[in-house]
Visitor: 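Below is the structure I would like to discuss, written out as structure tokens.
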2 protein chains.
Amino acid sequence: MPQPRPVDDAATAQGGRRPGMTDVARLAGVSQKTVSRVINGERYVSDNIRQRVLRAAQQLGYRRNTAARALITGRFRRIGFVSLGTADYGPASLLIALERATRAAGFSFTVATTLEGGHDKISDAIRWLLEQGIDGIVISEPVDEGEKLEIDPGVPVLSFGKLPGLSGSHVVFGGADGVAAARTATEHLLELGHDTVWHLAGPQRWWAARDRREGWRRALDDAGATPPPLAEGDWSPASGYKAGTALASDPSMTAVFVANDEMAIGMIRALNEAGRAVPDDVSVIGFDDIPSAAYLSPPLTTMRQDFEAVAAHGLDLLIQQIEGTSAEPDSKPLRTDFPADLIVRQSAAAPSHDRRNDAPSRKEVQ
Amino acid sequence: MPQPRPVDDAATAQGGRRPGMTDVARLAGVSQKTVSRVINGERYVSDNIRQRVLRAAQQLGYRRNTAARALITGRFRRIGFVSLGTADYGPASLLIALERATRAAGFSFTVATTLEGGHDKISDAIRWLLEQGIDGIVISEPVDEGEKLEIDPGVPVLSFGKLPGLSGSHVVFGGADGVAAARTATEHLLELGHDTVWHLAGPQRWWAARDRREGWRRALDDAGATPPPLAEGDWSPASGYKAGTALASDPSMTAVFVANDEMAIGMIRALNEAGRAVPDDVSVIGFDDIPSAAYLSPPLTTMRQDFEAVAAHGLDLLIQQIEGTSAEPDSKPLRTDFPADLIVRQSAAAPSHDRRNDAPSRKEVQ
DNA sequence: GCACACTCTGACTACGTTGTCATAGCGTCC
DNA sequence: GGACGCTATGACAACGTAGTCAGAGTGTGC
């Protein structure tokens with residue numbers, strides 16, 4: 001402090017300094033501690049004084065100093081969010097849903113992205129967040145980076161999928177059940193009469209992508225269908241296009257379950273260019289139900305997840321961990337049964353050899 | 001603290017308490033202040049001691065306490081980001097680009113969303129962020145909510161578009177120049193030979209939407225074209241579809257500039273259903289260049305913005321404001337010339353009455 | 001009328017860091 | 001060889017809040 005603070009200025013805090021509880025207290029004619037009680041809504045404050053303090057706070061434009069509060073409580077009321085930093089619909093939706101849930105719980109929400117494939121890994125993002133001061137971490141898109149993560153076991157972590165390195169107090173939360181969802185999609189295609197179902201998977205470093213592959217695989221096994229070779233993309237339409245070009249030449253392929261809608265768009269385009277119509281020659285099911293899915297040509301049959309519910313429940317678990325509320329081991333409502341909905345549109349149909357009406361109506365949307 | 005802290009435990013901090021500089025100092029055999037110097041990379045510390053301190057810090061797993069630091073410095077090194085909370089490509093991309101730029105500048109990045117149209121307005125989000133303790137605010141999607149915002153003039157604010165209530169120290173930054181971009185798109189259609197160009201605008205409460213409308217309007221005026229009535233959507237494919245259905249019946253409409261790609265998708269579908277082919281009967285240009293744009297049918301001609309550059313420059317201005325570096329009024333490099341690129345694909349073509357080759361090739365992608 | 005519980009308020013202190021100032025050692029200049 | 005500057009270190013205060021504890025006031029029961 002350059003100057004030793006102008007004497008002890010009048011009732012209101014002058015000098016441009018942000019007012020603190022002490023200033024409010026002076027104006028209201030009470031002690032700083034009483035202001036603290038009012039601000040925190042504690043009991044044992046008379047209405048009379050409460051009003052006076054609130055008025056003074058209002059008048060001075062008082063805002064609580066989070067730093068001082070965090071310093072003494074040791075809690076930041078702040079959640080860190082690790083994201084791969086893609087603008088894709090799924091991750092972006094989850095981010096938003098989690099921010100809402102976080103704020104509703106009275107926590108603030110700090111984001112750290114990690115360039116996919118770059119040098120900047122999940123552990124770096126976590127380290128950065130820990131340096132910022134947070135009470136818990138959410139890893140929304142767990143990716144297996146080969147090396148085992150070293151996460152401080154004292155920090156509550158919510159991961160939407162298993163991740164090597166998680167243990168102890170970390171919460172691993174399935175989130176929307178990707179296995180079941182993928183199974184639903186695959187079964188839908190089988191029920192339409194397709195002999196088997198191809199799969200364009202997401203990058204297998206992603207646990208979400210592995211889950212979907214697993215669900216696809218199980219559905220085929222249960223139905224006794226022969227699993228065709230697996231194709232793998234990187235979630236982008238470009239990778240879907242590339243895979244579609246490769247697959248299009250195989251006349252036995254009549255149905256594909258694509259791990260996300262974006263890749264499905266690329267896939268459909270490649271199929272069309274190769275002269276194979278969707279769904280007349282090939283049925284395609286996507287995943288995510290992006291907003292434009294209903295308006296594509298053809299409107300995309302896809303799986304829709306309830307991000308809001310998943311985020312709210314996952315965050316609930318994390319906050320229990322942070323507050324230490326989940327001491328009793330019996331009170332673990334670890335729901336993983338957030339089913340995804342099959343949204344039937346027009347990109348999947350019965351294979352042409354046993355279809356009755358030769359083409360589905362194209363007029364109906366959604 | 002319930003118990004008065006176990007005496008003054010050995011060199012290493014026991015008792016589960018997180019180690020502080022004092023603990024590191026004790027272990028290294030120096031004063032706490034010296035540890036502070038080492039951690040902050042200050043000068044005037046001998047290499048010998050620096051090494052000893054770093055080793056001790058490492059050994060204890062020391063992490064600096066941001067709260068204590070913020071308390072005394074009065075700076076949080078934290079940027080607040082106000083978003084409308086949609087998972088759309090544009091806003092999501094800007095969020096990610098800003099997070100990257102923010103972290104690169106050594107600031108952390110806290111998000112607050114505000115439900116569009118809900119009771120939860122921008123000012124609420126700002127108030128929340130201020131309570132969390134931040135040094136500056138970014139408003140990525142400024143929306144005119146009717147009421148004038150009351151923003152503390154002492155808080156640096158970066159807004160990607162004008163907003164009533166901004167003044168003083170607030171930075172209003174054009175970002176990518178929506179007016180120029182819209183003009184480019186419109187002129188492209190005019191140059192293709194269309195008599196005039198329709199416009200499906202975004203919600204006019206958004207400044208970004210107003211900019212695009214303005215650019216469209218100016219291009220028409222300059223060309224002496226008659227401006228057709230304005231249609232307005234809400235950025236969603238559904239609203240594009242609705243507008244498209246309404247517009248399709250007008251045979252004079254041969255070219256539309258749509259304010260974002262999502263609406264363009266809905267628009268194209270509606271036109272197709274009404275029997276009007278794109279681009280044979282109607283040309284459509286979108287805005288954003290979403291990843292799937294190249295793989296739609298037809299591949300979408302659209303405008304691409306450089307979010308990275310815009311975010312980096314905008315954040316630069318904000319941080320200058322925060323650090324008070326921009327005292328000299330001459331050093332204001334307020335660039336607003338981030339041009340958007342016209343990405344020519346196949347959804348826009350010459351009007352059929354003067355087209356030479358009757359249909360463009362559909363094979364080429366991107 | 002005394003004990004006791006409950007309500008309300010304030011004094012004091014600790015949280016972990018950085019800013020200020022003091023001081024000691026050492027080399028350099030004239 | 002004294003003055004001076006530079007390097008290196010530590011003692012101490014201060015930031016604004018919440019926790020602890022003490023104490024004053026006000027019933028309530030017997």
Side-chain angles (χ1 to χ4, degrees), chain A residues 1-6 8 13 15-53 56-57 60-77 131-133, chain B residues 1-6 8 13 15-53 57 60-77 130-133:
Chain A
M1 316 288 96
Q3 67 273 63
R5 196 166 142 205
D8 183 22
R17 209 174 90 268
R18 255 189 57 184
M21 284 189 175
T22 318
D23 303 298
V24 177
R26 201 161 27 209
L27 181 58
V30 297
S31 74
Q32 171 266 322
K33 178 69 215 194
T34 295
V35 175
S36 167
R37 275 192 266 262
V38 172
I39 297 294
N40 290 308
E42 286 177 28
R43 297 189 318 172
Y44 302 147
V45 180
S46 67
D47 273 355
N48 176 20
I49 291 222
R50 190 180 297 275
Q51 295 308 325
R52 225 163 61 205
V53 169
L60 292 179
Y62 171 74
R63 242 182 282 130
R64 167 202 272 149
N65 184 321
T66 336
R69 178 195 177 84
L71 175 58
I72 193 162
T73 60
R75 293 279 137 107
F76 299 88
R77 300 197 68 74
E131 276 167 15
Q132 305 313 304
Chain B
M1 312 282 94
Q3 69 274 60
R5 194 166 145 205
D8 182 21
R17 206 174 93 270
R18 253 190 60 184
M21 284 189 174
T22 319
D23 302 298
V24 176
R26 200 158 30 208
L27 180 60
V30 298
S31 76
Q32 173 266 325
K33 178 68 214 195
T34 296
V35 176
S36 168
R37 275 192 265 261
V38 172
I39 297 294
N40 290 308
E42 285 177 28
R43 297 189 318 169
Y44 302 148
V45 180
S46 67
D47 273 356
N48 176 21
I49 291 223
R50 190 180 296 275
Q51 294 308 324
R52 230 167 54 209
V53 168
L60 294 179
Y62 170 76
R63 244 182 282 129
R64 166 202 271 146
N65 184 320
T66 335
R69 179 197 177 83
L71 174 57
I72 191 160
T73 60
R75 292 279 137 108
F76 300 89
R77 299 198 67 76
L130 287 177
E131 276 167 15
Q132 304 314 302

Visitor: In whole angstroms, how far is the P atom of C:dT13 from the CG atom of A:L71?
Guide: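 Atom-to-atom, A:L71 to C:dT13, this comes out as 17 Å.
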Visitor: Given atom CD1 of A:I72 and atom P of D:dG16, what is their separation to the nearest angstrom?
Guide: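 Those two atoms, CD1 and P, are 14 Å apart.
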Visitor: Between B:T34 and B:V30, is there a donor-acceptor pair closer than 3.5 Å when you use the side chain of the first and the backbone of the second?
Guide: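 Pair absent, no side-chain N/O of B:T34 close to backbone of B:V30.
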Visitor: To the nearest Å, how far apart are B:N65 CG and C:dT18 C1'?
Guide: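 Interatomic distance, CG of B:N65 to C1' of C:dT18: 12 Å.
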Visitor: Donor-acceptor pair, distance only, cut-off 3.5 Å: does the side chain of B:N40 make one with the backbone of B:R37?
Guide: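 Such a contact is absent between B:N40 side chain and B:R37 backbone.
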Visitor: For the pair made of CZ in B:R18 and P in C:dG16, what is the distance, rounded to whole Å?
Guide: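 My rounded result for the distance is 9 Å.
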Visitor: Let me have a per-nucleotide readout for nucleotides 22-28 of chain D, 5' to 3', with B, S or -, counting only protein heavy atoms under 4.0 Å.
Guide: -------
Visitor: Quick one: A:R77 CZ to D:dT17 C1', roughly how many Å, whole number?
Guide: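 Atom-to-atom, A:R77 to D:dT17, this comes out as 15 Å.
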Visitor: On DNA chain C, check which nucleotide each of A:R43 and A:R37 is closest to and give me the residue with the more 5' one.
Guide: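 The 5'-side residue here is A:R43.
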Visitor: Does D:dT7 have OP1 or OP2 sitting under 4.0 Å from an N or O in the side chain of B:Y44?
Guide: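 Yes, B:Y44 has a side-chain N/O under 4.0 Å of OP1/OP2 on D:dT7.
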Visitor: If you only use heavy atoms from C-beta on, which nucleotide in C:dT18, D:dT9, D:dA18 is closest to the side chain of B:I49?
Guide: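 Among C:dT18, D:dT9, D:dA18, the one nearest the side chain of B:I49 is D:dT9.
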Visitor: Taking atom C1' of C:dG19 as reference, at what distance in whole Å does atom CE of B:M21 sit?
Guide: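 For the pair B:M21 CE and C:dG19 C1', the rounded distance is 13 Å.
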Visitor: Quick check for you: to the nearest 0.5 Å, what is the distance between B:Y62 atom OH and B:I39 atom CD1?
Guide: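 Going from OH on B:Y62 over to CD1 on B:I39, the span is 5.5 Å.
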Visitor: Under 4.0 Å: is that the gap between some side-chain N or O of A:N40 and OP1 or OP2 of D:dA18?
Guide: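 Yes, because at least one side-chain N or O of A:N40 sits under 4.0 Å from OP1 or OP2 of D:dA18.
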Visitor: Name the closest nucleotide to the B:K33 side chain, picking from D:dT17, D:dA14, D:dA11.
Guide: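 It is D:dA11.
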Visitor: Ignoring hydrogens and angles, tell me if any N or O in the side chain of A:R63 forms a donor-acceptor pair with the backbone of B:E131 under 3.5 Å.
Guide: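 No, because the side chain of A:R63 does not come within donor-acceptor range (under 3.5 Å) of the backbone of B:E131.
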Visitor: For the side chain of B:T22 and the backbone of B:Q32, is there at least one donor-acceptor N/O pair under 3.5 Å apart?
Guide: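 Judged by distance alone, no pair lies under 3.5 Å.
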Visitor: Does a side-chain N or O of A:T34 approach OP1 or OP2 of C:dG10 to a distance below 4.0 Å, or not?
Guide: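 For C:dG10, OP1 or OP2 has a side-chain N or O of A:T34 closer than 4.0 Å.
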Visitor: Restricting to non-hydrogen atoms, name the atom on A:R18 and the atom on A:D23 that form the minimum distance, rounded to 0.1 Å.
Guide: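 Here A:R18 and A:D23 meet closest at O-OD2, 4.2 Å.
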Visitor: Between D:dA18 and A:Q32, counting only base atoms on the nucleotide and side-chain atoms on the residue, is there a donor-acceptor pair under 3.5 Å?
Guide: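 Looking at the base of D:dA18, it does pair with a donor or acceptor on the side chain of A:Q32 (distance under 3.5 Å).
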Visitor: Let me know, please, whether B:V30 or B:A68 comes out on the 5' side of the other along DNA chain D by nearest nucleotide.
Guide: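 Nearest nucleotide further toward 5': that of B:V30.
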Visitor: C:dT9 P sits how many Å from A:E42 CD, rounded?
Guide: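 Rounded to whole Å, this separation is 12 Å.
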Visitor: Rounded to the Å, how far apart are A:E131 CD and C:dT17 C1'?
Guide: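 After rounding, the gap between these two atoms is 15 Å.
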Visitor: By nearest atom, which of the nucleotides C:dT17, D:dC15, D:dA11 is closest to the B:S31 side chain?
Guide: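 That would be D:dA11.
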Visitor: I'd like to know if the side chain of A:N65 reaches the main chain of A:A67, judged simply by a donor and an acceptor atom lying under 3.5 Å from each other, with no hydrogens or angles considered.
Guide: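 Such a contact is found between A:N65 side chain and A:A67 backbone.
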Visitor: Nearest nucleotide by nearest heavy atom, which residue falls closer to the 5' end of DNA chain C, B:A67 or A:R50?
Guide: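 With A:R50 and B:A67 compared, the 5'-side residue is A:R50.
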Visitor: Ignoring backbone atoms, test whether A:S46 places a side-chain nitrogen or oxygen under 4.0 Å from the OP1 or OP2 oxygen of C:dT7.
Guide: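 Checking A:S46 against C:dT7: no side-chain N or O falls below 4.0 Å of OP1 or OP2.
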